[in-house]
Amino acid sequence: LEETIAKTEALVNEMAEVKIKGRALDLTTCTITSNTPETGHETKYLVDGNPTTFFHTNWTGAAISENHNFIIDLGEGNSLELFAFNYITLPNSANNVDAPKTMVIEGSTNGTDYTPITTLSGLPTTKGATYASTTLGTKGTAYRYLRFSVTDATGGKLGSYYYFGLAEFGLTNMQTELLSVKDGYSSSQTAILDACDGLYAANLVYNNEIATQEELQAAASALNAYYETLLQAYNENAGLEAKKKELQTLIDKTTVLIG
């Protein structure tokens with residue numbers, strides 16, 4: 001399966017520039033803010049790669065008049081349509097769990113006007129627990145800003161609103177984006193996108209530590225079918241390019257003879 005994934009990725013990259021779904025975003029390059037961060041537990045601790053440190057909203061300072069939240073700004077020119085997120089609740093070393101119980105996710109194109117995406121409840125409420133969402137968002141509706149607001153949590157309130165904390169947070173692109181197609185492959189876009197979806201499915205199995213040998217073989221076989229279709233499209237283009245070169249050589253020779 002590993003070899004099939006590698007050769008399919010190489011062929012896709014030879015024909016196009018794509019963002020394959022299922023790839024985690026590097027959130028250290030994004031701007032993450034909160035409307036009320038606790039001093040010493042700022043948003044940088046959401047993405048520092050250390051589950052023993054954590055982000056926490058304010059529980060000691062002045063109360064604010066809205067739900068506590070954090071906002072991810074993907075940056076100029078970047079946006080997401082379909083996405084998933086994951087996080088880890090506070091570590092065992094924390095005094096309390098202060099885990100979100102209900103979370104509202106919203107999107108914005110300008111950082112000011114937000115549109116509801118979904119509300120999630122029944123979130124994990126123990127220390128060191130991992131949560132992973134299903135695919136969220138709507139195809140065709142892209143947002144640069146994502147706001148995560150907590151309306152209920154296991155801990156207390158500062159004023160009228162719950163405070164909460166998270167140890168690590170991740171965001172994953174769940175849509176294949178075809179950024180550009182290289183010369184000669186414009187008619188192969190469907191095959192390229194299908195192969196990317198096949199790569200996503202294969203990687204899910206490959207990264208599953210408890211996947212059986214039969215599951216690995218089935219995933220490799222399914223991905224190889226996408227690879228063979230893509231390879232056929234690639235070879236057809238290569239043959240066409242060779243014929244073009246032969247024709248141009250003939251034209252050049254004819255031009256010399258006429259001259």
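FYI, side chains are in, hydrogens and waters are out, and symmetry mates aren't considered; it's all heavy atoms of this structure.
The salt bridge (charged side-chain N to carboxylate O under 4.0 Å, His left out) test applied to D194 returns no partner, not counting sequence neighbours. T151 is linked by a side chain to side chain contact (heavy atoms under 4.5 Å, CB included) to N67, T102, V104, counting only residues two or more places apart in sequence or in another chain. Looking at residues two or more places apart in sequence or on another chain, you find a side chain to side chain contact (heavy atoms under 4.5 Å, CB included) between V97 and A99, K127, T154. With sequence neighbours excluded, the residues satisfying salt bridge (charged side-chain N to carboxylate O under 4.0 Å, His left out) with R144 are D73, E76. Not a single salt bridge (charged side-chain N to carboxylate O under 4.0 Å, His left out) links E81 to another residue, sequence neighbours left out. A search for side chain to side chain contact (heavy atoms under 4.5 Å, CB included) contacts involving A129 returns T89, P124, T126, not counting sequence neighbours. A search for ring pair (Phe, Tyr, Trp, His ring centres under 6.0 Å) contacts involving H68 returns nothing, not counting sequence neighbours. Qualifying ring pair (Phe, Tyr, Trp, His ring centres under 6.0 Å) partners for F55, counting only residues two or more places apart in sequence or in other chains: F70, F164.
Between the side chain of H56 and the backbone N or O of H41, no donor-acceptor pair lies under 3.5 Å. Although no hydrogens or angles enter the test, the distance criterion places no donor-acceptor pair under 3.5 Å between the side chain of N96 and the main chain of D98. S34 places no side-chain N or O within donor-acceptor distance of the main-chain N or O of T43, the cut-off being under 3.5 Å. The backbone N or O of Q217 lies less than 3.5 Å from no partner atom in the side chain of S221, so there is not a single donor-acceptor pair.
A salt bridge (Lys or Arg N to Asp or Glu O under 4.0 Å) check over residues 50-62, counting only residues at least two apart or in different chains, returns nothing. Under the salt bridge (Lys or Arg N to Asp or Glu O under 4.0 Å) criterion, no residue pair touches residues 39-54, with sequence neighbours excluded. Sorted by first and then second residue, the ring pair (Phe, Tyr, Trp, His ring centres under 6.0 Å) pairs involving residues 98-147 (not counting sequence neighbours) are F85-Y131, Y87-Y131.
Counting non-hydrogen atoms of neighbouring residues, nucleotides and ligands closer than 6.0 angstrom, the CG atom of N207 exceeds 12 such neighbours.
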Show every donor-acceptor pair shorter than 3.5 Å between a side-chain atom in residues 224-231 and any protein atom, with sequence neighbours excluded, or say none if there are none.
from, atom 1, to, atom 2, distance (Å)
N224, OD1, K7, NZ, 3.2
T229, OG1, A225, O, 3.2

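Residues V150 and L46 share a single hydrophobic cluster, defined by chaining ILVMFWY side chains whose heavy atoms lie under 4.5 Å apart.
Put simply, the residue from T125, D152, L123 that forms a side-chain contact (heavy atoms from CB on, under 4.5 Å) with P100 is L123.
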